[in-house]
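The next block holds one structure in the form of structure tokens; read it before the comments.
Throughout, a chain's letter reflects where its sequence line sits, starting with A, and its residues are numbered from 1. All of these numbers come straight from a predicted model, not from anything done at the bench.
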Amino acid sequence: MKITFPDNSSREYQPGITAADIAKDISQGLAKRALAAKVNDELVDLNRPINQDAGLRIITFDDEEGKLIFWHSSAHLMASAIMRLFPQTKLAIGPAVPDDFAARFYYDLDLDHKLTEKDLELIEAEMAKIVAEDRPFVRSEKPRQAALAEFNRDNDLYKAEIAGEVEGETVSFYTHGDFIDMCRGPHVPSTGKIKAFKLLSVAGAYWRGDEKNKMLQRIYGVSFPDKQLLAEHLEKIEQAKLRDHRLLGKNLDLFSINDEVGPGLVLWHPKGALIRHIIEGFWKDAHIANGYELVYTPHIARLELWDRSGHLGFYKENMFKPIEIENQNYQLKPMNCPFHIQIYKARKHSYRDLPYRWAELGTVYRFERSGVLHGLPRVRGFTQDDAHVFCRPDQLQDELIGLLDFNLFFLETFGFDKYNTYLSTRPEHSVGSDESWARATEALKNALEKRGLPYQIDPGEGVFYGPKIDVKIKDNLGRFWQCTTIQVDFNLPEKFDVTYTAEDGSEKRAIMIHRALLGSIERFFGILIEQYGGAFPVWLAPIQVIILPVVDEVNDYAEHVAQMLRGAAIRVETDKRSQKIGYKIREAENLKIPYMLIVGKKEEAEHTVSVRRHKLGDIGVVAVETVSAEILQKIKTKSLD
RNA sequence: GCCGGAGUAGCUCAGGUGGUAGAGCAGCUGAUUUGUAAUCAGCUGGUCGGGGGUUCGAUUCCCUUCUCCGGCUCCA
């Protein structure tokens, strides 16, 4: 029979041969690295016989599928160790998690004993034994009904629930050593393949992710085919910790969240506030330059406004309680849109004047459940870089395309050039006619396609009033963050009777687009801190330059240089303390100030400065004008280096 | 909200089987005049997260509450 490989080459083999044998026939190296096989389009174990002509790809850890198989097998390995140590454990589910950054596996367990860090070490030690035993993974099959009966007999309720739902009349099991688990597979050949692993954490997780269900214990782990890869992965995790915006926010004195003020409420310290000011200034200028007008709206409004908008009906649980004053209820705003609608309704509008693009950095308050608060990304008060476009149906397409371009301009300015785009369709709980949802979804889709942006459909993930496009940006560590959302809305215009006067004098319904590009200023700031590791590019750095005099005698010259730069609108400070230069440099490096200008008697005499760049080190001695021009150029171009 | 863990000086942490705590850094004062990542000395600084209980006595034991951390769920 003929086996065809991915490069379209082929070889002849006897029927019944396994992928493992074929891998060995190709090369010893491949045989060693082989984890599983893809026969035609099906992932199978290496030892499954191939009986007819087929396409074959040997799967290794380098393949995405290979990693998932490897981690899935690791979950089995971990479960087998747990069953040896805690035989009373009921196993729930143990998959691999595909994620660019947080790649890992877990197993959800039901056991009375509360697992601790210490237990993780015990489990790791037991896993190491099972790896040393090099137990092969062996597949077997059973009629589904028989398996179901056994699970019910053994009171293995989680497996029974899964067995009750899988398709087909047989289910497969994988055994290694004395451990058996129902599993679709495939798996790596044997436990000996899993040479390097680490259990990361234990946490609660609801069965099937439903908070009505029982809370199980979940152990997360990572594993790799060799120790080097594991070490690299753990190093990556350590690096991420150093970039954590909560840590940097404290160390660089950017912001704080204070217990006495309240959880999820951000205090912007001067340096953080300055960065925010620059971002917001850039944002406003760019909006005005792109045909937007700025508006401001209050922080509270009559409760009835939110009832009419539908927010009360859909998000009451996540809104702060109303404030009662003079027998009237007022609501702290969770959204800006009803206000913008009221601005629109302040007068009549001609079809000639549309579209209106109204933008506001609007601070909203949402009651987030206590357990979900997290640094800057998840807070109770935050500022949306919001805008609403009111347009005619015939303008919708162009508006959306313009928005996509405008958005990418923003993201790229901050150095985000990789992103995933999603189109979210109608959710279960929503308002409006099927027809308007179809139109809105179609409009978003067309815009994406006209702009040639690849996207994934996120079924049922739209907002109650309309479908949306979401953009998740990828940061320097490969993590994705949701920022942009662009939502088409036929519903609020309906509820608030938003119209314009058409050419023929009739009143026609306007269409609204809701959009936030950076999302929340707080969250975006958090993302930026992590993206840059606290070392902001020159245009954003709160202190762009620090002058470091070597001895007190040149303090006047240092101040003179500072004044020159300040005159060019560069943010500069001078460190005139009687400290050794190494001390001042160390401090400036820790503050991640992009330019350190060291001046001593030599520089004073020559009217020069010795330039040191953050992380790059000593650059050399240049004229003040030279470095000033360089810095101004970087600011002007919003350079990222 | 749920599961688990943790709250000691501004920060990072040590300590104590119940007798009111200690270091480094930061801050302050002084000395030092220094050439590319930490000069030296002295001083200040804590109701040991809050409240309640047990006790002669609680930072330590118990209860409760708040906040944070790792997750789950949720996120207009």
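Sorted by first and then second residue, the side chain to side chain donor-acceptor pair (under 3.5 Å) pairs with a member in residues 260-270 of chain A read Asp253(A)-His269(A), Ser256(A)-His269(A); sequence neighbours excluded.
Residue Gln217(A) is out of contact with every strand shown, counting any heavy-atom pair closer than 4.0 Å. Note on Gln384(A): nothing from the nucleic acid sits closer than 4.0 angstrom, heavy atoms only. Residue contacts for Lys601(A): at a heavy-atom cut-off of 4.0 Å it reaches a base atom on one of the strands shown.
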**Prompt:** What string of B, S and - do you get for nucleotides 65-74 of chain B, 5' to 3', when a contact is any protein heavy atom under 4.0 Å?
**Reply:** -SSSSBBBBB

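Base pairing analysis places A23(B) opposite U12(B); the two distances defining the Watson-Crick or G-U wobble pair are each below 3.5 Å. Within the shown strands, nothing qualifies as a pairing partner of G35(B) under the Watson-Crick or G-U definition with both distances less than 3.5 Å. Checking A6(B) for Watson-Crick or G-U wobble geometry (two distances, each under 3.5 Å) identifies U67(B) as its partner. Across the strands present, U17(B) finds no partner; the criterion is a Watson-Crick or G-U wobble pair with both atom distances under 3.5 angstrom. Searching all strands for a Watson-Crick or G-U wobble partner of G46(B) with both distances below 3.5 Å returns nothing. Taking a pair to require two hydrogen-bonding distances under 3.5 Å in either a Watson-Crick or a G-U wobble arrangement, G57(B) remains unpaired. Nucleotide U29(B) forms a pair with A41(B), judged by Watson-Crick or G-U wobble geometry with both contacts under 3.5 Å.
Not counting sequence neighbours, Phe382(A) has no partner by the ring-ring contact (aromatic ring centres under 6.0 Å, His included) test. For Arg104(A), there are no salt bridge (Lys or Arg N to Asp or Glu O under 4.0 Å) partners, not counting sequence neighbours. Taking the ring-ring contact (aromatic ring centres under 6.0 Å, His included) definition, one finds that Phe314(A) meets it with Phe464(A), sequence neighbours left out. Taking Lys592(A) as the reference, nothing meets the salt bridge (Lys or Arg N to Asp or Glu O under 4.0 Å) condition, with sequence neighbours excluded. Residues passing the salt bridge (Lys or Arg N to Asp or Glu O under 4.0 Å) test with Glu573(A), sequence neighbours excluded: none. Applying the salt bridge (Lys or Arg N to Asp or Glu O under 4.0 Å) rule to Arg302(A) yields no partners; only residues at least two apart in sequence or on another chain are considered.
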Grab the N/O contacts between the protein and nucleotides 43-48 of chain B below 3.5 Å, and write none if there aren't any.
none

Scan nucleotides 37-42 of chain B against the protein and return all N/O pairs shorter than 3.5 Å with their distances rounded to 0.1 Å.
from	atom 1	to	atom 2	distance (Å)
A37(B)	N7	Arg612(A)	NH2	3.2
A37(B)	N6	Glu589(A)	OE1	3.3
A38(B)	N9	Arg586(A)	NE	3.3
A38(B)	N7	Arg586(A)	NE	3.1
A38(B)	N7	Arg586(A)	NH1	3.0
A38(B)	N7	Arg586(A)	NH2	3.1
A38(B)	N6	Arg586(A)	NH2	2.4
A38(B)	N1	Arg586(A)	NH2	3.2
U39(B)	O4	Gln579(A)	OE1	3.4
U39(B)	O4	Gln579(A)	NE2	3.3

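One finds no salt bridge joining Glu587(A) and Lys580(A) here, because no Lys/Arg side-chain nitrogen approaches an Asp/Glu carboxylate oxygen to under 4.0 Å. The existence of a salt bridge linking Arg208(A) and Asp210(A) is excluded, since no basic side-chain nitrogen approaches an acidic carboxylate oxygen closer than 4.0 Å.
When each of Arg577(A) and Lys250(A) is assigned the nucleotide of RNA chain B with its nearest heavy atom, Lys250(A) is the one assigned upstream, toward the 5' end. Comparing Leu216(A) and Tyr365(A) by the nucleotide of RNA chain B whose heavy atom lies nearest to each, the residue mapping closer to the 5' end is Leu216(A).
A ring-centre distance under 6.0 Å is found for Trp306(A) and Phe339(A).
Both the sub-6.0 Å distance and the 45° axial angle are satisfied by Arg613(A) relative to the ring of Tyr595(A).
Of the residues Trp358(A), Phe390(A), Tyr465(A), the one that meets the ring-ring contact (aromatic ring centres under 6.0 Å, His included) test with His514(A) is Tyr465(A).
Within residues 552-559 of chain A, the residues having any heavy atom under 4.0 Å from RNA chain B are, by residue number, Asp552(A), Glu553(A). RNA chain B lies under 4.0 Å from at least one heavy atom of each of the following residues of residues 456-468 of chain A: Val463(A), Tyr465(A).
Within a 6.0 Å radius of NZ in Lys495(A), other residues, nucleotides and ligands contribute more than 12 heavy atoms. Atom CD of Glu317(A) is surrounded by 12 or fewer heavy atoms from other residues, nucleotides or ligands within 6.0 Å.
Between Phe86(A) and His113(A), the ring-plane angle classifies as parallel under the 30° and 60° cut-offs.
Ring-to-base geometry places Tyr315(A) in a stacked arrangement with A76(B) (centre distance under 5.5 Å, plane angle under 30°).
With hydrogens and angles ignored, no donor-acceptor pair under 3.5 angstrom links the side chain of Glu260(A) to the base of G50(B).
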